[in-house]
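In what follows, a single structure is set out as structure tokens and then discussed.
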Amino acid sequence: GAHAGIGDHERFAQADALAFAAQHRDDAGVEVNLRQVLDVCHAASILNAVMTPPTHLLTPAMSGVLDRIERARRPPFHAMTPAQARAAYAAGAEVLEPPRAALPRVEDITVAAMPARLYASSYDELPTLLYLHGGGFVVGGLETHDSLCRQFALRSSGAVIALDYRLAPEHRFPSAQDDAWAALQWLAEHGHRLGIDTQRLAVGGDSAGGTLAAVAAIHARDHGLRLALQLLITPGTAALAAHASRHLFANGFLLDDATI
């Protein structure tokens, strides 16, 4: 019967996924007829049929972590209400993190009328990273990323300001992005009140926070706000989920495709 076809450039992306998967399954190169890949759903179905999650690509320690998480049989985030997902995320957020490091300066503050937390390795005028937590724009907050931000401050000998930006679905797009940009502007204009070096500002984040950081950096560029650094940790920066790795690691690696 008829099917919704895709262009050759998109066929290449899906065929790459099949080839990549087979190479890691069989440790051998393969040839793929691009015309056999009908669409994105077809490619994904072939992947699911021909292979199991390639956890052999992980270190034994990390593979063991995933095995223990799988045995716990916790419901996925997308099966929970936002409140349930936030509570579950908070409960497990720092399980694999080092203990919260002691710092000379840890203060709950307000940045552009939003809750934030300042971490600093000293009371000197330090270069400062505005940090935006991950969590799919729905979960996460100051507590879930506290240990990570302390490590950044400790190891960089700088300051970190974590922002408690607004979350969906209560606050729909572009609320979180507006908050990130407003905070960055506020720090550039008023950061001296906090005793930080406003001439050496950076923006960063992980996952969804990395997406927010990337867009904030683009806004900064377009508005002439000079940044010293951009730190992006596993950010979402592609409009389409057509990359080979997205299909190869779709299931069995903690953050599954359905949850994303």
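The chain is numbered in sequence order, starting from 1. Computed from heavy atoms alone, side chains included, the values below leave out hydrogens, waters and symmetry copies. Values in this document were obtained by computation on a predicted structure and should not be read as measured data.
- Checked against a 6.0 Å centroid threshold, the rings of Y165 and H171 do not count as neighbours.
- Looking only at distances, a side-chain donor or acceptor of Y123 sits under 3.5 Å from a matching main-chain atom of P104.
- The structure places CG of L194 at 7.0 Å from CG of L187, a figure rounded to the nearest 0.5 Å.
- Using a 4.5 Å cut-off on side-chain heavy atoms (C-beta onward), I161 and V111 make contact.
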Review point. Is there a side chain to side chain contact (heavy atoms under 4.5 Å, CB included) between V139 and T144 once you walk through the steps?
Key: CA-CA 9 Å; V139 303; T144 61; over 6 Å; no
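- I69 is connected to L96 through a chain of hydrophobic side-chain contacts under 4.5 Å among Ile, Leu, Val, Met, Phe, Trp and Tyr, so both are in one cluster.
- Nearest approach of A208 to G136, heavy atoms of both residues: CB-N, 3.6 Å.
- Listed by first and then second residue, the side chain to side chain donor-acceptor pair (under 3.5 Å) pairs that reach into residues 200-211 are Y131-D206, H145-D206, D197-R200, sequence neighbours excluded.
- Minimum heavy-atom separation, A182 to M114: CB-CE, 4.4 Å.
- Tracing side-chain contacts under 4.5 Å through hydrophobic residues (I, L, V, M, F, W, Y), one never reaches L254 starting from I233; they form parts of separate clusters.
- Hydrophobic cluster membership is shared by L58 and L248, with clusters built from Ile, Leu, Val, Met, Phe, Trp and Tyr side chains linked at under 4.5 angstrom.
- Following chains of ILVMFWY side-chain contacts shorter than 4.5 Å, one cannot reach I260 starting from F253, and the two form parts of different hydrophobic clusters.
- Between the E107 side chain and the Y119 main chain, no donor and acceptor come within less than 3.5 Å of each other.
- Shown here for L167 and G140, the closest heavy-atom pair between the two residues is CD1-O, 3.6 Å.
- In this structure, CZ in R226 is found 8.5 Å from CD in Q199, a value given to the nearest 0.5 Å.
- No side-chain heavy atom of H219 sits less than 4.5 Å from a side-chain heavy atom of L225.
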Point to revise | side chain to side chain contact (heavy atoms under 4.5 Å, CB included) assessment of S121 paired with L126 | key: CA-CA 9 Å; S121 55; L126 300 174; 3.8 Å; yes
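- With T110 contributing its side chain and A113 its backbone, the two residues share no donor-acceptor pair below 3.5 Å.
- To the nearest 0.5 Å, atoms CG (L154) and CG (L103) are separated by 6.0 Å.
- Remark: D108 CG to L142 CG distance equals 7.0 Å, nearest 0.5 Å.
- In terms of heavy-atom proximity, L232 sits nearest to A214 at CD2-N, 3.8 Å.
- Residues S147 and P98 meet the side-chain proximity criterion, which asks for heavy atoms closer than 4.5 Å.
- Side-chain contact check for H190 and R193: at least one donor-acceptor pair (N or O, by modelled atom type) lies under 3.5 Å.
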Point to revise | T128 and V160: CA distance, side-chain angles, deciding distance, side chain to side chain contact (heavy atoms under 4.5 Å, CB included) verdict | key: CA-CA 5 Å; T128 300; V160 176; over 6 Å; no
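- A donor-acceptor contact closer than 3.5 angstrom links the side chains of H78 and T259.
- Checking side-chain atoms of R105 against main-chain N and O of S122 turns up no donor-acceptor pair under 3.5 Å.
- Of all heavy-atom pairs spanning A217 and V203, the tightest one is CB-CG1, 4.1 Å.
- Across A159 and L118, no two heavy atoms sit closer than the pair CB-CD1, 4.2 Å.
- Interatomic distance, D67 CG to M62 CE, rounded to the nearest 0.5 Å: 11.5 Å.
- A donor-acceptor pair is defined here as one N or O able to donate and one able to accept, closer than 3.5 Å; no such pair exists between the side chain of S175 and the backbone of R166.
- Rounded to the nearest 0.5 angstrom, D179 CG and L184 CG are separated by 12.5 Å.
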Practice item. Walk me through it: do R100 and E94 pass the test side chain to side chain contact (heavy atoms under 4.5 Å, CB included)? Key: CA-CA 9 Å; R100 294 185 176 187; E94 293 189 337; 3.0 Å; yes
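- The backbone N or O of V138 lies less than 3.5 Å from a partner atom in the side chain of R86, making a donor-acceptor pair.
- Under the 4.5 Å side-chain criterion, counting only non-hydrogen atoms from C-beta, F152 is in contact with L231.
- In terms of modelled atom types and a separation under 3.5 Å, the side chain of D164 and the main chain of A116 share no donor-acceptor contact.
- Side chains of W181 and Q177: a donor-acceptor N/O pair is absent below 3.5 angstrom, by distance only.
- With D146 as the partner, the side-chain hydrogen bond (donor to acceptor under 3.5 Å, both in side chains) test is satisfied by one option alone out of Q151, H133, R117: R117.
- Dense packing is recorded around CD of E97, with more than 12 heavy atoms of other residues, nucleotides or ligands lying under 6.0 Å away.
- Note on L163 and L148: separate hydrophobic clusters, where clusters join Ile, Leu, Val, Met, Phe, Trp and Tyr whose side-chain heavy atoms are under 4.5 Å apart, directly or indirectly.
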